[in-house]
2 protein chains.
Amino acid sequence: MSLIPVDKIRSTAEKAFIQAGVSPSFAAVQADLLIEAELRGHASHGLLRLPRLVARIKAGVADPAATGQQSWRGSAFLSVEGQNGLGPVVAMSALDALCDRVSETGVALSAIRNCNHLGMLAWYARKIAERGKVLIALTTSEALVHPWGGRYAMIGTNPIAIGVPADPQPFVMDMATSQVSMGKLHDYANRGKSIPEGWALDEAGNTTTDAAAATKGSIAPFGGPKGYALGLGFEVLVGVLTASALGTDVEGTLDDDMVCNKGDIFIVMEPASRDFASISAYLDTIRNMPAADPDRPVAIPGDRAGAEYNRCLETGHEPDPEIWRTICALANDTVTEF
Amino acid sequence: MSLIPVDKIRSTAEKAFIQAGVSPSFAAVQADLLIEAELRGHASHGLLRLPRLVARIKAGVADPAATGQQSWRGSAFLSVEGQNGLGPVVAMSALDALCDRVSETGVALSAIRNCNHLGMLAWYARKIAERGKVLIALTTSEALVHPWGGRYAMIGTNPIAIGVPADPQPFVMDMATSQVSMGKLHDYANRGKSIPEGWALDEAGNTTTDAAAATKGSIAPFGGPKGYALGLGFEVLVGVLTASALGTDVEGTLDDDMVCNKGDIFIVMEPASRDFASISAYLDTIRNMPAADPDRPVAIPGDRAGAEYNRCLETGHEPDPEIWRTICALANDTVTEF
């Protein structure tokens, strides 16, 4: 299979959503999120998600027209009932409202519940940082992570993203609080590879190096007890602000037919000044510092993914053939030549 | 040395600050912070810090009377010039203002610069959660942590604390983004113990298990590249909101004579409701879940430290004799019988 121009991937993905009843403008938003994740190298949050989203629309658990019911609980606190809308549609609608409000309030927060999967949080962080604002994004997920010292999953993979304006590109970090993603465990299982000790427990709650057993069990928090504290902290923080489901009650982030009841938090903040030179200089000092391995320069989070994204925009991208065929079929489109 | 009643420790610590020119009410605040850290088992943030704070007051880099110059940059964004005030005095003054404001705005943020060391963030998180509010606290420090793949320190130990109301006690997590504290490296060095591989680099940027060499080098981020991304994310987030110093420009958190130029962020938020039963029930489910080691029940962050704190309040506490003698001398007090 050869490289497909990103414009072609984009138009096909948009068509697939439009065929499922999504408006062209919302299809563009949802497709852009998936494509950016795909091109940044996060296939688990990329085109792979498209057929599931279409299935969720068909099953009636994703409403392609909903933008969320917004109400200001306080002058800087936007409470959003997500109405089963598409994650990026509901979230960007809330973020637009926060960006308008924050010039007056300095900080503005949105607590969203009952919208679909947000996808890769880096997408939101980059967008807001490019507007000259600062973002913290948090979202919960189905319980996949075991508490430190516990035997089964009770906590979501609960990622955090931070976006800060800088030159030549914004600082964007985005990471789950799990040791690995469930997608990675499935990938190891599919390839018959064993996983390192410490990544996961099996269904009975025992440590395992068997990837297939791990997919039925639970993932370790990253970084031991600290990662556990962080992931749990995000779970209760999001839960208490959104009144969303907690722990094993969370549904609809991994299936095709359950209403998604997790919660999302966005905090938009005004920087102290419009001059980001000192932030940029600090990041450059790190980029240029002596590396432990001279062949691997010290990286700023998001730099490599961002460079890969830009490269793909120029050269095109090779999606997984099976997923691409499925998307073309959903778009009623001829499969682009392999 | 026998146990000293906590009231005696408190009155002596307060006297030591009062002798240095701190008002009784500010002495009570600063002493309470140090004592809670001490009793929660965080000696590195406990009474050990008292003589340094007194030295900083005497050196003119800590102003015992300053509460910080507060200005509302937006209706929910409190900008604070810390005026070299004592950390908990300036911070609690800001937090009181945020708690007043947040009932109207739903979220309120304070960006503080140029105040002294905040100390243990859990202290703030517990206080705010006990008022029924939610808190995120972030603070930077002198660069002690090396970027992932880098050879020297460029990032603070940059802790995060989260406080969420719950019963029977609030959820309070507080963790640095470094693998270990510098205090722990010094402790290993003093006892001639070697440190595990992966904790730190030596001055030349090479991995070391020699604790003394590590104290001259840099500490690893916890959890590898993810902990690095998190600590760096907090550094630039705090920096861009407070216009405080970044990386190796940060001073005054570890010495006796430099003005402290790090930054602090507090975000106070209103919970979705006053009913914290579902948060409390979720935390209880984790406390009671099957443990990997039946002899070690699964812990909620802060539980053990909180229990130890409560135990000490009843039984008394045994401070480090050397530090206790110093504090008694600073208080012009007779050393309590050992």
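Atom set for the values below is all heavy atoms of this structure, side chains included, hydrogens, waters and symmetry mates excluded. Chain letters run A, B, ... following the sequence lines, proteins first and then strands; every chain starts at 1.
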Donor-acceptor side-chain pairing of B/T208 and B/D202 below 3.5 angstrom: no

When A/T177, A/I162, A/V236 are compared by non-hydrogen pairs under 4.5 Å with chain B, the top option: A/V236

Region of A/M173 in contact with chain B, defined by heavy-atom distances below 4.5 Å: side chain

Part of A/V164 lying under 4.5 Å from any heavy atom of chain B: side chain

A/L109 side chain reached by A/L98 side chain, heavy atoms, under 4.5 Å: no

Portion of A/L201 that has a non-hydrogen atom of chain B nearer than 4.5 angstrom: neither

Portion of A/R73 that has a non-hydrogen atom of chain B nearer than 4.5 angstrom: side chain

Check: A/Y228 ring centre within less than 6.0 Å of A/F222 ring centre: no

B/V107, part contacting chain A, at a heavy-atom distance under 4.5 Å: both

Region of A/I136 that comes under 4.5 Å of a non-hydrogen atom in chain B: side chain

Structural part of B/I155 lying under 4.5 Å from a heavy atom of chain A: both

For chain B, the option from A/A281, A/A176, A/P221 that forms the most heavy-atom pairs under 4.5 Å: A/A176

Option that, when pairs with chain B are counted at under 4.5 Å, heavy atom only, ranks first among A/L230, A/T285, A/D293: A/L230

Interface moiety of B/I300 toward chain A, non-hydrogen atoms closer than 4.5 Å: both

Sub-4.5 Å side-chain heavy-atom contact between B/F171 and B/S280: no

Residue pair A/F266 / A/L135, side-chain heavy-atom distance below 4.5 Å: yes

B/S141 and B/T157 side chains, donor-acceptor separation under 3.5 Å: yes

Residue, of B/A161, B/G150, B/A243, that accumulates the most heavy atom pairs under 4.5 Å with chain A: B/G150

Minimum side-chain heavy-atom gap B/M175-B/L121 below 4.5 Å: no

side-chain contact (heavy atoms from CB on, under 4.5 Å) partners for A/E130, two or more places apart: A/R126, A/P170

Trace of the side chain to side chain contact (heavy atoms under 4.5 Å, CB included) decision for A/R113 with A/N261: CA-CA 6 Å; A/R113 58 179 183 153; A/N261 60 359; over 6 Å; no

Residue, of A/A108, A/A292, A/G224, that accumulates the most heavy atom pairs under 4.5 Å with chain B: A/A292

A/Y282 and B/L232: CA distance, side-chain angles, deciding distance, side chain to side chain contact (heavy atoms under 4.5 Å, CB included) verdict: CA-CA 10 Å; A/Y282 170 62; B/L232 180 61; 3.6 Å; yes

Segment of B/Q179 engaging chain A (4.5 angstrom heavy-atom cut-off): backbone

Pairs of heavy atoms under 4.5 Å with chain B: top-ranked of A/A111, A/P147, A/A166: A/P147

Heavy-atom pair count under 4.5 Å with chain B, highest-scoring of A/F276, A/W72, A/W148, A/F77: A/F77

